[in-house]
Amino acid sequence: MLNPQLNKNGELQHLLTIEGLPKAHILHILDTASSFVSIGDREVKKVPLMRGKSVFNLFFENSTRTRTTFEIAAKRLSADVINLNIAASSSSKGESLLDTIDNLSAMHADMFVVRHSQSGAPYLIAKHLNDTKQHHVRVVNAGDGRHAHPTQGLLDMYTIRHYKKDFSNLKVAIVGDILHSRVARSDIHALTTLGVPEVRAIGPRTLLPSGLEQLGVRVFTDINKGLKDVDVIIMLRLQNERMSGALLPSAQEFFKSYGLTIERLALAKPDAIVMHPGPMNRGVEIESAVADGTQAVILPQVTFGIAVRMAVMSILAGN
């Protein structure tokens with residue numbers, strides 16, 4: 001498979017990463033999501049687009065926000081949703097990942113939403129389904145290792161487009177632990193594909209991966225210079241669970257050097273928006289006055305995330 005996400009007709013078959021995803025597909029997902037946003041305001045928050053389909057949430061890694069929004073999205077599409085309790089499943093008894101997939105496929109699964117601590121796990125599942133001729137089963141990557149988190153990247157793009165309308169004249173800053181962030185990778189690929197002229201990565205040298213410049217990103221280790229005149233600020237959580245070795249002196253030192261404060265926010269454009277994929281660590285990467293302030297769009301991101309995930313699942317299901 002040259003591009004395992006697309007079928008031979010160039011249609012979206014799985015959503016595994018934003019890297020290499022054509023711009024037309026990204027815009028199609030964002031446009032489709034627009035039609036789903038208002039469903040949350042209805043008395044009956046359901047449409048019948050996936051009635052009779054079975055969606056299995058396979059979260060091999062802890063998550064609250066992502067799993068809940070995927071579950072809500074699938075239920076709003078009228079799908080049957082099965083949340084697999086991994087800690088109590090056969091995988092905890094030594095069953096292989098692909099054996100788990102085969103057994104669930106035998107239960108007539110139509111879609112797997114997969115979150116895994118190992119980079120590439122959703123690719124492995126998609127390839128296995130293809131190799132075993134189970135072409136009707138779809139895979140959505142809900143985050144794999146340090147690699148990708150495509151639906152978070154898409155909902156971030158939806159949020160930016162909602163508030164800024166156009167990608168073609170923006171400066172976007174991504175701040176914090178970029179080294180361990182799959183969200184940062186997905187956002188960078190999405191922003192560059194959509195034609196954002198300036199994407200900035202801001203953080204200490206120990207949390208900046210090498211090769212960012214090759215992705216078309218301007219790198220800053222000075223947050224004050226990096227935030228100057230930006231339109232969008234995406235703050236990232238310090239991912240202590242993925243860090244090996246002492247990459248930072250302390251969380252307090254990180255906040256002193258890279259935390260988003262009211263004073264630092266003032267360096268950006270007056271109408272700049274502040275985003276965060278969550279969960280937030282207040283007083284570590286962002287102060288409460290910013291997180292709860294008028295420029296923060298962190299809660300709307302969560303709301304838009306339901307519509308974006310509805311769009312992805314609906315498109316993959318053939319609607």
Side-chain angles (χ1 to χ4, degrees), residues 18 59-70 115-117 119 141-157 159-160 172-191 199-209 212 217 219-221 223 226-227 230 232-261 264-265 273-293 295-305:
I18 292 179
F59 279 64
F60 294 85
E61 191 181 59
N62 290 336
S63 167
T64 301
R65 187 179 293 93
T66 301
R67 196 188 78 174
T68 303
T69 52
F70 265 113
R115 188 183 187 98
H116 206 287
S117 60
S119 298
N141 181 0
D144 64 324
R146 296 189 195 177
H147 173 245
H149 196 344
T151 57
Q152 182 69 47
L154 289 164
L155 76 88
D156 286 351
M157 297 310 106
T159 305
I160 292 170
V172 179
I174 304 172
V175 186
D177 184 3
I178 293 167
L179 178 65
H180 301 98
S181 176
R182 54 195 173 202
V183 174
R185 283 168 178 73
S186 292
D187 278 346
I188 288 167
H189 288 301
L191 290 164
V199 181
R200 301 179 181 182
I202 305 170
R205 187 62 65 186
T206 52
L207 295 180
L208 292 169
L212 275 175
V217 176
V219 175
F220 292 82
T221 53
I223 190 170
L227 292 180
V230 298
V232 178
I233 303 170
I234 302 173
M235 299 304 298
L236 300 173
R237 179 176 66 88
L238 275 184
Q239 306 211 11
N240 295 307
E241 71 278 11
R242 291 199 179 97
M243 292 186 191
S244 54
L247 299 176
L248 292 169
S250 68
Q252 291 75 20
E253 281 297 315
F254 180 82
F255 181 73
K256 194 187 296 183
S257 300
Y258 292 99
L260 187 60
T261 61
R264 286 178 174 146
L265 178 56
I273 59 172
V274 176
M275 300 166 60
H276 195 303
M280 281 188 297
N281 292 312
R282 293 170 184 258
V284 177
E285 69 263 3
I286 190 168
E287 72 175 9
S288 289
V290 176
D292 302 326
Q295 288 172 265
V297 296
I298 296 163
L299 292 178
Q301 278 180 271
V302 179
T303 304
F304 296 148

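The closest donor-acceptor contact from the side chain of Tyr258 to the backbone of Thr221 lies under 3.5 Å. Between the side chain of Ser186 and the main chain of Ile18, no donor-acceptor pair closer than 3.5 Å is present. Between the side chain of Arg115 and the main chain of Gly145, no donor-acceptor pair closer than 3.5 Å is present.
Residues His180 and Leu238 form no side-chain contact, since every pair of their non-hydrogen atoms from C-beta on lies 4.5 Å or further apart. Counting heavy atoms from C-beta on, the side chains of Glu285 and Arg237 come closer than 4.5 Å. Annotation: side chain of Val175 is not in contact with side chain of Leu260 (no heavy-atom distance under 4.5 Å). Contact check for Leu191 versus Ile160: side-chain heavy atoms found under the 4.5 Å cut-off. Put simply, the side chain of Ile178 reaches to within 4.5 Å of the side chain of Pro209, judged on heavy atoms. The shortest side-chain heavy-atom distance between Val219 and Arg205 falls under the 4.5 Å cut-off. Contact check for Asn281 versus Phe255: no side-chain heavy atoms found under the 4.5 Å cut-off.
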field: Worked check of side-chain contact (heavy atoms from CB on, under 4.5 Å) between Asp156 and Gln301
entry: CA-CA 7 Å; Asp156 286 351; Gln301 278 180 271; 2.8 Å; yes
- request: Determine, step by step, whether Val217 and Ile174 satisfy the side-chain contact (heavy atoms from CB on, under 4.5 Å) criterion, reporting the C-alpha distance in whole Å, the side-chain angles of both residues, the deciding distance to 0.1 Å, and the verdict.
  value: CA-CA 10 Å; Val217 176; Ile174 304 172; over 6 Å; no
task: Starting from the C-alpha separation in whole Å, work towards a yes-or-no answer on side-chain contact (heavy atoms from CB on, under 4.5 Å) for Leu179 and Arg146.
output: CA-CA 8 Å; Leu179 178 65; Arg146 296 189 195 177; 4.2 Å; yes
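Taking CG from Asn141 and OG1 from Thr151, the interatomic distance works out to 8.0 Å, rounded to the nearest 0.5 Å. If you take NE2 on His276 and CD1 on Ile233, they are separated by 12.5 Å, rounding to the nearest 0.5 Å. Note: Thr64 OG1 to Phe59 CZ = 10.0 Å, rounded to the nearest 0.5 Å. The distance from atom CE of Met275 to atom CD of Gln295, rounded to the nearest 0.5 Å, is 14.0 Å.
Residues meeting the side chain to side chain contact (heavy atoms under 4.5 Å, CB included) test with Ser288, sequence neighbours left out: Arg282, Asp292. The side chain to side chain contact (heavy atoms under 4.5 Å, CB included) check on Arg65 picks up Pro279, Val302, with sequence neighbours excluded. With sequence neighbours left out, Thr303 forms a side chain to side chain contact (heavy atoms under 4.5 Å, CB included) with no residue at all. With sequence neighbours left out, the side chain to side chain contact (heavy atoms under 4.5 Å, CB included) criterion links Pro300 to Tyr163, Val297, Phe304. With sequence neighbours excluded, no residue forms a ring pair (Phe, Tyr, Trp, His ring centres under 6.0 Å) with His189. Take Arg200 and apply the salt bridge (Lys or Arg N to Asp or Glu O under 4.0 Å) test, not counting sequence neighbours, and it matches Glu198. Under the rule for a side chain to side chain donor-acceptor pair (under 3.5 Å), the partners of Thr261 that lie at least two apart in sequence or sit in another chain are Glu263. Considering only residues two or more places apart in sequence or on other chains, His149 meets the side chain to side chain donor-acceptor pair (under 3.5 Å) condition with none of them. The side chain to side chain donor-acceptor pair (under 3.5 Å) search around Thr69 returns Arg309, not counting sequence neighbours. Considering only residues two or more places apart in sequence or on other chains, Thr159 meets the side chain to side chain donor-acceptor pair (under 3.5 Å) condition with none of them.
Here the closest heavy-atom approach between residue Asp187 and residue Gly153 is recorded as OD1-CA, 3.3 Å. Closest approach of Leu208 and Ala201 over heavy atoms only: CD2-CB, 4.3 Å. Between Phe254 and Gly176, the shortest heavy-atom contact is CZ-CA, 3.9 Å. Ala173 and Val230 make their closest contact through CB-CG1, 4.0 Å (heavy atoms, listed as atom of the first residue, atom of the second, distance). Between Val290 and Ala296, the shortest heavy-atom contact is O-CB, 3.4 Å. Closest of all the heavy-atom pairs between Leu155 and Gly305 is CD2-CA, 3.7 Å.
The 12-atom threshold is exceeded at CZ of Arg264, counting heavy atoms of other residues, nucleotides or ligands nearer than 6.0 Å.
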